[in-house]
Amino acid sequence: MKTLMNRRDALKVLSTAGLSLAVITSPFGVKIIKANNKIDDEFFTPTIWLHISTDGTVVVIVNKSEMGQGVYTSLPQILGDELGANWDSIYVCPAPAREKYIDYKSGAQLTGGSTSIRHMYMTYRIAGATAREMLIETASERWKVDRESCFTRDGFVIGPNNLKIPFGRLVKEASKKIPPLNPKLKDESKFYFIGKPMRKFDIADKVNGMTIFGIDKQLEGMCYATVKRSVGYGGSPANFNIDKLKNDKDFIDAFKIGSGVAVVAKKVDKAISLRDKVDVSFTNVANPKLDTQFIETTLKSSINKRGIVARSFGKVDDILETSKRKLTSTYLLPYLAHVTLEPMNCTVDLKEDRCDLWVPTQSQSGTLSVAKQLTGFPEEKIHVHTTYLGAGLGRKAEVDFVSEAVEIAKKVKKPVKLIWTREDDFKHDFYRPANISEITASLNDNNKISAWKHKIAIPSIWERVNPKRMYRGVDPSAVEGLVNLPYDVDSLHVEFIKVDFPIPVGFWRSVGSTHNGFTVESFIDELAYMANIDPVEFRLKHLKNDKRAARLVDLVAEKINWGNKESGYGYGVAQHFSFGSYAAEAAKVEVDEESGKILVRKVVAAIDCGKVVNPKIIKEQVTGAVIMGISTALKEKMEFANGGAKTNNFYDYKILSAEEAPDIEVYVV
């Protein structure tokens, strides 16, 4: 198996990868890992995913980035359960950026697409089972008993006649054994971590301000850098003047890099203020007249073009032409920013024979690739230290900020931290693409949808990120939720129309499902209104072939008292499937009659994501998703002018406030 290696090879990989371990405990009792210059020779390393020390400490190596979604807790839950570990003895260490630690299903060391648990579940179970089998074999030989009579629990191997020994006392002997290629997995009925609402490992350190995010990293002798970039997209720096900077005692240097002019100073505030004093002229701006109106006008004209067929069956045009009950609606949605709590940043220490990067990244593979390309170093001389992420949301899967930091480090030849301001984040994001959908559908005499025609005009994400993912010219993210429309329709036709703007677009939250889920469910409501049928009943009528989706719609309707609605409020319901999970929500809404402001008072959400590792974390994630969804629907919008982003900061990019957040109930099905 690719995930297994012997102990000597494992130690060799760890030392060359910079993963030397020293386990410490914070004053608040939360386990963290710090780097050390030495590997404990007594570590038991049956696979690359865990180590067990002579004191019984279990270190779980996690190849996914922790950005608030809880993988530093849920992945150790999986391995620890299969191993039979004591929860208080489990520590976590982020994996180095190395080929051995990739997610083999995605082919990269990358966190995204709601795949961490789905892709790594069996890997971590097998890792835990491998160690368990070796410990049991060691103990049974010592006791001279049948290994089938032994099991593990709470950090002990337990045998017949009250025999019991802690893992730590078996480490030396177990290290000499050959890992089994096909370890027997535990019966799921015996799980005692998986499926339980375990508290996150890192919650205390986050509450007490001890967690080190990328932006917190400090190095001795470190300087700070910012970049002055073109306002208009595509602009490259031509001439620049730094005379106003030279007399400042904190100024270090200023020079051109690929994305603009870098300004380096001894203090972070000076790096930011001095940047504003640089006079730079930018050339080759893609479209100096680009603005919000141009974007919307272009989208509206594009929807009238013939697109590439993404999916089609039945006789949509014939049915629509002869139908007496049909409806057409158009939905125009804006560009949206990621607004991660922590702005982009990267700290680089570049020496003659080594490059260290401390970076809040979702893409260790991408970061490693950029560093190799820019430094010319082989992989073993580049060390990516994945810090905590102050949210990722798809934005930190990009490596533009990493590239800038390495370019600057090559020039200044001393440790440097690149920091983006909030304004940088808004103006130079990889946004959720603006798009327009035109949907036409018809109802037959039984109020069933007889035909559904959906055209979407939208910029492509995959064309930039990986053109090989384009299928016959169709961007799969643009049509997700459409080509797999869950509703039972007799005929379906989906067209994709690619629209090109110079505005960078990228993976945002659940990508295409964020806009397609919204437009489809809005249109389903309009069809229900035309049919004069209750929206819940109308959905269930068309979900008879999708029992999991129907079950969630039923549940949220019941929990919000849909059949006994409170007067003075509006009620809404929606469901969607994306990235392996079914979700449904019902909302209780009030409208301020004077201002027209929409106030969401209560949301009941249900999710069916398959195997549940930690229901507490799932509920937390869904709660955050509900708040983000309301914010997206009611408030968020990027504005553009003069060839670039006009939106500058939170004062002109409104998000949902705490006082506007509704009561939220979440049910994990």
Side-chain angles (χ1 to χ4, degrees), residues 226-238 257-263 272 275-276 278 280-300 302 332-345 391-401 403-404 418-436 457-461 463-465 499-509 511 514-515 628 631-632 634-656:
T226 56
V227 178
K228 188 154 191 174
R229 305 171 186 85
S230 171
V231 172
Y233 292 114
S236 56
I257 61 172
S259 59
V261 175
V263 177
I272 295 170
R275 178 184 65 171
D276 296 336
V278 179
V280 190
S281 60
F282 289 91
T283 59
N284 302 320
V285 173
N287 182 357
K289 296 182 179 180
L290 177 79
D291 60 12
T292 302
Q293 184 60 52
F294 174 82
I295 293 166
E296 293 181 357
T297 300
T298 302
L299 287 170
K300 289 175 182 177
S302 296
L332 179 66
L333 303 180
Y335 282 97
L336 298 178
H338 282 87
V339 290
T340 60
L341 184 62
E342 176 194 28
M344 304 305 109
N345 66 89
L393 308 172
R395 176 60 179 95
K396 289 174 184 171
E398 305 288 348
V399 292
D400 54 323
F401 58 101
S403 178
E404 287 183 340
L418 170 72
I419 287 188
W420 287 35
T421 63
R422 181 63 64 189
E423 289 78 10
D424 292 334
D425 266 3
F426 272 113
K427 291 183 175 297
H428 303 283
D429 201 352
F430 288 83
Y431 310 94
R432 187 189 85 168
N435 61 89
I436 186 170
I458 184 171
S460 172
I461 298 172
E463 186 177 55
R464 170 185 68 88
V465 176
V499 183
D500 292 318
F501 294 115
I503 303 169
V505 293
F507 302 115
W508 186 98
R509 317 301 201 259
V511 203
T514 65
H515 48 77
M628 285 184 178
S631 184
T632 299
L634 300 182
K635 294 199 162 196
E636 298 181 37
K637 180 184 181 182
M638 282 294 302
E639 298 284 356
F640 297 86
N642 303 317
K646 179 182 178 183
T647 302
N648 203 47
N649 207 316
F650 286 115
Y651 61 78
D652 56 358
Y653 188 91
K654 302 301 182 182
I655 62 173
L656 201 73

Exactly one of Phe640, Phe426, Tyr653 should register a ring-ring contact (aromatic ring centres under 6.0 Å, His included) with Tyr335. Which one does? Phe640

Donor-acceptor pair, Trp508 side chain versus Leu393 backbone, under 3.5 Å? no

Which atom pair, heavy atoms only, marks the closest approach of Asp291 to Phe294? OD1-N, 2.8 Å

Hey, are the side chains of Leu332 and Leu299 touching, using non-hydrogen atoms and a 4.5 Å cut-off? yes

Set of residues satisfying side chain to side chain donor-acceptor pair (under 3.5 Å) with respect to Thr292, sequence neighbours excluded: Glu639

Roughly how far apart are Phe401 CZ and Asp425 CG, rounded to 0.5 Å? 9.5 Å

CZ on Phe501 to CG on Asn287, rounded to 0.5 Å: 9.5 Å

Side-chain heavy atoms of Ile458 within contact of Val505, under 4.5 Å: no

Looking at side-chain heavy atoms only, is the closest gap between Leu290 and Pro502 below 4.5 Å? yes

Kindly compute the distance separating CE (Met344) from CG (Asp400), expressed to the nearest 0.5 Å. 8.0 Å

Give, for atom CG of Leu656 and atom CD of Glu636, the distance between the pair rounded to the nearest 0.5 Å. 9.0 Å

Side-chain heavy atoms of Ser302 within contact of Ile436, under 4.5 Å: no

Would a 4.5 Å heavy-atom cut-off, applied to side chains only, mark Asp429 and Met638 as touching? no

Any donor-acceptor pair under 3.5 Å linking the side chain of Thr297 with the backbone of Gln293? yes

May I have the list of side-chain donor-acceptor pairs in residues 226-233 shorter than 3.5 Å, sequence neighbours left out?
{"residue": "Thr226", "atom": "OG1", "partner": "Ala271", "partner atom": "O", "Å": "2.8"}
{"residue": "Lys228", "atom": "NZ", "partner": "Val278", "partner atom": "O", "Å": "2.7"}
{"residue": "Arg229", "atom": "NE", "partner": "Glu404", "partner atom": "OE2", "Å": "3.0"}
{"residue": "Arg229", "atom": "NH1", "partner": "Val227", "partner atom": "O", "Å": "3.2"}
{"residue": "Arg229", "atom": "NH1", "partner": "Asp424", "partner atom": "OD1", "Å": "3.4"}
{"residue": "Arg229", "atom": "NH2", "partner": "Glu404", "partner atom": "OE1", "Å": "2.9"}
{"residue": "Arg229", "atom": "NH2", "partner": "Glu404", "partner atom": "OE2", "Å": "3.4"}
{"residue": "Ser230", "atom": "OG", "partner": "Gly232", "partner atom": "N", "Å": "3.2"}
{"residue": "Ser230", "atom": "OG", "partner": "Gly232", "partner atom": "O", "Å": "2.6"}
{"residue": "Tyr233", "atom": "OH", "partner": "Tyr431", "partner atom": "OH", "Å": "3.1"}

Main-chain N/O of Phe282 paired with Asn284 side-chain donor or acceptor, under 3.5 Å: no

Heavy-atom count around Lys635 NZ within 6.0 Å, excluding the residue itself: above 12? yes

Backbone N/O of Val339 and side chain of Arg422: donor-acceptor pair under 3.5 Å: no

Dump the intermediate steps for side chain to side chain contact (heavy atoms under 4.5 Å, CB included) on Thr632 and Thr514, then the final yes or no. CA-CA 9 Å; Thr632 299; Thr514 65; over 6 Å; no

Report the relative orientation of the aromatic rings in Trp420 and His428; use parallel for angles under 30°, tilted for 30 to 60°, perpendicular for over 60°. perpendicular

What pair of heavy atoms forms the shortest contact from Ile295 to Ala434, and how long is it? CG2-CB, 4.3 Å

Taking every heavy atom of Thr340 against every heavy atom of Gly392, the minimum-distance pair comes out as CG2-O, 3.5 Å

Heavy-atom closest pair, residues Val261 and Pro237: CG2-CB, 4.1 Å

CG-NZ distance between Leu333 and Lys637, expressed to the nearest 0.5 angstrom: 10.5 Å

Output for pair (His515 NE2, Asn435 CG), nearest 0.5 Å, gives 4.5 Å

Stepwise side chain to side chain contact (heavy atoms under 4.5 Å, CB included) test for Arg432 and His338: CA-CA 8 Å; Arg432 187 189 85 168; His338 282 87; over 6 Å; no

Under the rule for side chain to side chain donor-acceptor pair (under 3.5 Å), what residues qualify as partners of Asn648, not counting sequence neighbours? Tyr651

